[in-house]
Protein chains: 2
Amino acid sequence: MTKDENSRDHIQSLERGFAVLLAFDAERPNPTLAELASATGLSRPAVRRILLTLQRLGYVHGEGGRWSLTPRVLSIGQHYSASHALIEIAQPHLVRLAERTSESASLAALDGTDVVYIARVPVRRIMSINVSIGTRVPAHATSMGRVLLAWAPDSVVADVVGKDRLPAYTRHTITDPGELRRGLAQIRQSGYSIVAEELEDGLLSVAAPVRDRAGTVVAALASSTSSGRATVEQLRSQVAPLVVRTAEQISADYGHPAAVGKATSAVHTPRDGFF
Amino acid sequence: MTKDENSRDHIQSLERGFAVLLAFDAERPNPTLAELASATGLSRPAVRRILLTLQRLGYVHGEGGRWSLTPRVLSIGQHYSASHALIEIAQPHLVRLAERTSESASLAALDGTDVVYIARVPVRRIMSINVSIGTRVPAHATSMGRVLLAWAPDSVVADVVGKDRLPAYTRHTITDPGELRRGLAQIRQSGYSIVAEELEDGLLSVAAPVRDRAGTVVAALASSTSSGRATVEQLRSQVAPLVVRTAEQISADYGHPAAVGKATSAVHTPRDGFF
DNA sequence: GTCATCGAGTACGCATAGCGTACTCGCGAG
DNA sequence: CTCGCGAGTACGCTATGCGTACTCGATGAC
């Protein structure tokens, strides 16, 4: 329409299809055709064609004039997990980290200015939102995001830090670009990041980088807890080394020629009986 | 083309878009354009248009002639989770069940003849495949599948049991449709299902139904272990009641007017210090 | 009871979005 | 240097997907 938004080599129907699929959310779990049409801005017949197509593919289910997503949409994400060996490799390490800390362990990657959880072992509910695989949080206010930004190409960092002031989520959130940049330099030196109550009150986390064969940082490993259960100093002295070491082991398993001592694949140490 | 496969109200480009997206998998994590074309059976220019569209939407990333999925594809599944309150409601119960049994806890729904994991708290690696959210397993050989089939409409059961003989995965897999049907009747009576080594050698699991407000079974809750850690009899006497009770609590939280005693929302009982 | 409103579904004709063929270009192997 | 392969591009055709406009049925107001 305008200029090159709709230029050649862009398939309109595909974009529209995703728009409809993504129009299902917490506010609209069982929309009608008309609701979807107004939510997406498409004409009713267009939405109908899309829904019937999605239904034929099994992603959507229509009943009594209301539509809903089927569990099959979850298998789409499977293809991401299946095509990234890192995730499977990291899994046992996450379980072990969660066991040893009695806290949730997470692995995340950067997508634009957000951090996306790509693997996770939940232990206890800390955050107000339910964090699951695929959940997105702003990179600049989380330990995993800071780690990823610390080793990201400058163009990516610029996208995040580009603004004059970054959005704050609590009164502790670092909103000054300069201060954040200095923080990233600090992380590059120490090899890990600790963020306390910048995304949510009472939420603390430590993160360390995971590298691929070439040494590029491709993900961040984190352990999260709440202010009632640990202090920043405890995190620094006790958890951070463990997170760093686990991240190094994951990197090693992933092919990074690590300098980590006898790093070897998860030697699982059971520590309890059946109950 | 043929008859009504391609009939009206079906959007070709949308189906093709998904075909390309799903062509990424473990065997083809970083395909070239030509590989995707031959994998999907589409022409190269068609695949190219689709890839460029997906790239613009952020689902795919192209570099050096090779393409890969971005973590953004995981957010698609988020819309399923966000639009199904059950998942968030079940989460703390899964964590608690995993804690009390020291075994992985899972929630799954039925999709065709498969069971799809929709929430999960991993504790230990039991299965040879890495089970994550979105993973699909055949319904007839798993405890969660049996539970879901036991209360499914007959048409759904017929889809699974329709064949003369069901596929076997171990030498214990029930392959006789009649025997399976009798098993389902048994499950309806006992209220839970135990399946031992029918999907994989050494894999045991117990499952119980989760119901919605109307009493319809919408998901199955399971606890899985390995033959080295428990016997079927232990599962039956100790784990099954816990799984059933937890499933009832989830149902109650989900709005089912349960007959469960003082069922209330997750009263979390921490049982360990920071380490 | 009637009327008004709203949404689902359908028909249809038009425009164009999306198609595949066929070409060029660049790279790497031999 | 030639050959083969894959990426990218051009282009003309038409099937594809589009929106307008209609019918039908359910719901609710009065």
Side-chain angles (χ1 to χ4, degrees), chain A residues 1-25 27-70 83, chain B residues 1-25 27-70 83:
Chain A
M1 293 265 180
T2 36
K3 28 192 67 175
D4 64 347
E5 288 280 315
N6 261 27
S7 74
R8 79 197 192 305
D9 287 339
H10 183 255
I11 298 180
Q12 190 190 47
S13 338
L14 187 50
E15 178 160 18
R16 289 177 163 199
F18 277 103
V20 170
L21 205 56
L22 301 184
F24 291 81
D25 57 22
E27 280 77 45
R28 231 176 288 105
N30 299 104
T32 64
L33 179 54
E35 283 167 3
L36 287 169
S38 88
T40 54
L42 302 174
S43 72
R44 237 184 274 109
V47 172
R48 182 167 193 272
R49 280 189 289 266
I50 291 167
L51 283 174
L52 291 174
T53 305
L54 291 175
Q55 174 163 256
R56 234 177 58 99
L57 298 176
Y59 294 118
V60 119
H61 176 74
E63 195 166 349
R66 300 218 153 248
W67 297 81
S68 58
L69 297 180
T70 72
S83 63
Chain B
M1 294 271 178
T2 36
K3 28 191 67 174
D4 64 349
E5 287 279 317
N6 260 27
S7 75
R8 79 199 192 305
D9 287 339
H10 183 255
I11 298 180
Q12 192 190 49
S13 338
L14 186 51
E15 177 161 17
R16 289 177 163 200
F18 278 103
V20 170
L21 205 57
L22 301 185
F24 291 81
D25 58 22
E27 279 77 45
R28 231 177 286 106
N30 298 106
T32 64
L33 180 54
E35 283 168 4
L36 286 169
S38 87
T40 55
L42 302 175
S43 72
R44 239 185 271 109
V47 172
R48 182 167 193 273
R49 281 189 288 267
I50 291 167
L51 283 173
L52 291 174
T53 305
L54 291 175
Q55 174 163 255
R56 233 178 57 99
L57 298 175
Y59 294 119
V60 119
H61 176 75
E63 196 167 346
R66 301 220 152 245
W67 298 81
S68 58
L69 298 180
T70 73
S83 62

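So that the names make sense, note that chain A is the first sequence line, chain B the second, and so on, each numbered from 1.
If you measure from atom CH2 of A:W67 to atom C1' of C:dG9, you get 11 Å, rounded to the nearest angstrom. In this entry the distance linking NE2 of A:H10 with P of C:dT16 reads 18 Å, nearest Å. One can place CG of B:L33 at 18 Å from P of C:dG26, the figure rounded to the nearest angstrom. Between the CG atom of A:N30 and the C1' atom of C:dG7 there is a distance of 17 Å, given to the nearest Å. Atom P of nucleotide D:dA7 and atom CD of B:E63 are separated by 15 Å, given to the nearest angstrom. Atom CG in A:L51 sits roughly 12 Å away from atom C1' in C:dA8 (whole-Å rounding). The interatomic distance linking A:E15 (CD) with C:dA17 (P) rounds to 13 Å, in whole Å. The interatomic distance linking A:L14 (CG) with D:dG17 (C1') rounds to 14 Å, in whole Å.
The closest donor-acceptor contact from the side chain of B:R28 to the backbone of B:A23 lies under 3.5 Å. The closest donor-acceptor contact from the side chain of A:S13 to the backbone of B:S13 lies at 3.5 Å or more, if one exists at all. The backbone N or O of A:Q12 sits nowhere less than 3.5 Å from a side-chain atom of A:E15 that would complete a donor-acceptor pair.
Scanning residues 34-47 of chain A for heavy-atom distances under 4.0 Å to DNA chain C yields A:A34, A:R44, A:P45.
Two residues, A:G65 and B:I50, neighbour DNA chain C, and the one matched to the more 5' nucleotide by heavy-atom proximity is A:G65.
For the helix from C:dG1-D:dC30 to C:dG30-D:dC1, the axis fitted to the five pairs at one end and the axis fitted to the five pairs at the other end meet at an angle of 40° (nearest 10 degrees).
Under 3.5 Å, the side chains of A:H61 and A:E63 contain a donor-acceptor pair of N or O atoms.
Side-chain contact between B:L52 and A:I11 is absent, with no heavy atoms from C-beta onward closer than 4.5 Å. Residues A:L69 and B:S83 meet the side-chain proximity criterion, which asks for heavy atoms closer than 4.5 Å. Residues A:N30 and A:F24 fail the side-chain proximity criterion, which asks for heavy atoms closer than 4.5 Å.
Nearest nucleotide to the A:R49 side chain, out of C:dG9, D:dA7, D:dG17: D:dG17. Looking at the side chain of A:T32, the nearest of the listed nucleotides D:dG17, D:dA7, C:dA8 is C:dA8.
Within the structure, side-chain hydrogen bond (donor to acceptor under 3.5 Å, both in side chains) contacts touching residues 39-55 of chain B (residues at least two apart or in different chains) are A:D9-B:R48.
Remark: A:S13 is not in phosphate contact with D:dT16, judged by side-chain N or O atoms under 4.0 Å from OP1 or OP2. The phosphate of D:dG8 has OP1 or OP2 within less than 4.0 Å of a side-chain N or O from B:R48. Within the structure, every side-chain polar atom (N or O) of B:R16 is placed at least 4.0 Å from both OP1 and OP2 of C:dG18.
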* **Derivation and outcome, ring pair (Phe, Tyr, Trp, His ring centres under 6.0 Å), residues B:F18 and A:F18** => CA-CA 10 Å; B:F18 278 103; A:F18 277 103; 5.5 Å; yes
